[in-house]
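Before any comments, here is the structure.
We name chains A, B, ... by the order of the sequence lines, and we start the count at 1 in each one.
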2 protein chains.
Amino acid sequence: MPAHPVRPGRTPDRLKDRPTWLISRAFARSSALLAAGFEADGDGLRGYHYRLLAALEQWGPASQADLGRDTGIDRSDVTAALTELESRGLVERRVDPDHRRRKIVTITPQGGDALVGLDAVIDRTQAAVLAPLTAAQRRQFVDLMAKLLD
Amino acid sequence: MPAHPVRPGRTPDRLKDRPTWLISRAFARSSALLAAGFEADGDGLRGYHYRLLAALEQWGPASQADLGRDTGIDRSDVTAALTELESRGLVERRVDPDHRRRKIVTITPQGGDALVGLDAVIDRTQAAVLAPLTAAQRRQFVDLMAKLLD
DNA sequence: TGTCCAATGTTGGCCATTCCAACATAGGCG
DNA sequence: CGCCTATGTTGGAATGGCCAACATTGGACA
């Protein structure tokens, strides 16, 4: 899904150097590239699924509430995304025997494979997004963005 | 955003340094701050309205299609936003006598006033977005983002 | 011990941003 | 003249983010 075309050199002065504008354009491009990648090779999965699988792979089984806190996804959206992941056999949910109101989510081997597959999609997208920058500029960019989000 | 509770230091490694992730977080924060600013002082107007008014103020009357290209807004969304602006008396639309399928949009004096008012909202938002950065880093940031969008 | 409070998962909804499909109409260009 | 493109419009979709309400469960603590 290509970002909506902007006529080169015709961005209003009021917008063109403003961080909020630059960020929104960067996001438009980045998410368009990401969507194209997921569409081509994502097997119907989206950002929420990737986030959840990444958290599970890194830290192991977790409750849904903890997953939400770790990934910045609302509890209700966690539920929906996990249902989709579960129906694909990428995660398993079972009630915590010690706290029966809680469900422990585990990533399956297939879930691990899917995650690796998505990594490739994601990595290709990073390369496309950063294409205009040199290696040094890329490092600077990541560094500044991290600071911005402190 | 996640203005939603995110456990600090618990972002999965697969996400935390990826440009697409950083960009989406930055966009979330930026647009949340922008929305808050518009809510407080924007008189019901939003980003699209500001972009359109800015383009009109700078280059004078234009067709809706040209406005879309200049501001990165889809034609259909231009139509909707202009309808709102028109109902507030901030722009005028009339059929181009030379090309009757086209509508020429003109900003009104009230539209100019509204634009100046929104400038203040926007400026405050830039400051909030860039708050974590030093002056030198802010220049670097704008510079890198501009390169990224080449 | 019993009562109240907080956390959990779920359902169902809302909003904003962006983009797309389809359409009628109007002009340009051959 | 006929074709093709541009234009404005309507309506819808995907994605991400958020919130309220609910039943259930367990912990805290009086």
Side-chain angles (χ1 to χ4, degrees), chain A residues 1-6 20-21 23-39 42 44-52 62-69 71-84 86 93-105, chain B residues 1-6 20-21 23-36 38-39 42 44-51 62-69 71-84 86 93-105:
Chain A
M1 319 272 193
H4 196 75
V6 184
T20 50
W21 167 259
I23 289 170
S24 92
R25 296 320 301 166
F27 175 74
R29 177 172 298 183
S30 153
S31 63
L33 289 167
L34 215 41
F38 275 119
E39 168 124 20
L45 300 177
R46 290 156 300 125
Y48 278 1
H49 303 118
Y50 184 74
R51 291 197 221 171
L52 291 168
S63 73
Q64 300 189 186
D66 279 344
L67 280 174
R69 283 184 283 264
T71 56
I73 303 175
D74 187 87
R75 294 208 311 280
S76 60
D77 301 319
V78 170
T79 295
L82 285 180
T83 299
E84 294 167 334
E86 196 177 32
R93 275 195 280 200
R94 50 176 225 293
V95 172
D96 184 336
D98 297 333
H99 302 270
R100 294 215 316 275
R101 74 191 167 194
R102 189 178 303 173
K103 293 187 177 175
I104 301 296
V105 185
Chain B
M1 296 193 244
H4 214 67
V6 184
T20 50
W21 170 258
I23 289 169
S24 88
R25 297 296 89 195
F27 175 72
R29 176 171 299 183
S30 153
S31 61
L33 289 168
L34 214 41
F38 278 124
E39 169 121 21
L45 300 176
R46 287 157 300 124
Y48 279 2
H49 303 118
Y50 182 75
R51 293 197 216 172
S63 73
Q64 300 189 186
D66 279 344
L67 281 174
R69 282 184 283 266
T71 56
I73 303 174
D74 187 88
R75 296 209 309 279
S76 60
D77 301 318
V78 170
T79 296
L82 285 180
T83 298
E84 294 167 334
E86 196 177 32
R93 274 195 281 200
R94 50 176 224 291
V95 174
D96 184 336
D98 296 333
H99 303 272
R100 295 214 314 274
R101 72 191 169 194
R102 191 178 302 172
K103 293 187 178 175
I104 300 296
V105 185

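In this structure, Phe38(A) atom CZ and dG16(D) atom P are separated by 8 Å, rounded to whole Å. One interatomic measurement links the two molecules: CZ of Arg75(A) to P of dG13(C), which rounds to 18 Å at whole-angstrom precision. Look at OH on Tyr48(B): it is 9 Å from C1' on dA16(C), rounded to the nearest Å. Distance, Gln64(B) CD to dT25(C) P: 17 Å, rounded to whole Å. The distance between atom CD of Glu84(A) and atom P of dG16(D), rounded to the nearest whole Å, is 11 Å. Put simply, NE2 on His49(B) is 9 Å from P on dT17(C), counting in whole angstrom units. One can place CG of Asp74(A) at 16 Å from P of dG12(C), the figure rounded to the nearest angstrom. dT17(C) atom P lies 14 Å from atom CH2 of Trp21(A), rounded to whole Å.
The backbone N or O of Thr71(A) sits less than 3.5 Å from a side-chain atom of Arg51(A), completing a donor-acceptor pair.
Contact annotation: Arg102(B) does not reach the phosphate of dT5(D) (side-chain N/O to OP1 or OP2, under 4.0 Å). Phosphate proximity of dT8(C) to Arg69(A): present, with a side-chain N or O under 4.0 Å from OP1 or OP2. Taking 4.0 angstrom as the limit, His99(B) places none of its side-chain polar atoms (N or O) nearer than this to OP1 or OP2 of dT25(C).
In this pair, Phe27(A) and Phe27(B) present their aromatic rings parallel. The plane angle is below 30°, not in the 30 to 60° band.
At the heavy-atom level, Gly47(B) lies nowhere under 4.0 Å from the strands shown. Here Arg51(B) lies in heavy-atom contact (under 4.0 Å) with sugar-phosphate atoms only.
The base of dG9(C) has none of its N or O atoms less than 3.5 Å from a complementary donor or acceptor on the side chain of Ser63(A).
The 5' end of DNA chain C is approached more closely, in terms of each residue's nearest nucleotide, by Asp77(A) than by the other of Phe27(A) and Asp77(A). If you find the closest nucleotide of DNA chain D to Arg100(A) and to Ser76(A), the one lying nearer the 5' end belongs to Ser76(A). Comparing Asp96(A) and Lys103(B) along DNA chain D, the residue whose closest nucleotide (by nearest heavy atom) sits nearer the 5' end is Lys103(B).
For Arg101(B), the listed nucleotide lying nearest its side chain is dT5(D); candidates were dG8(D), dT5(D), dG17(D).
Contact between Thr20(B) and Ser30(A) at its shortest, heavy atoms only, is CG2-OG, 3.5 Å. Nearest heavy atoms, Ile73(B) versus Tyr48(B): CD1-CD1, 3.7 Å.
From Arg93(A), atom CZ reaches atom OG1 of Thr79(A) across 6.5 Å, with rounding to the nearest 0.5 Å.
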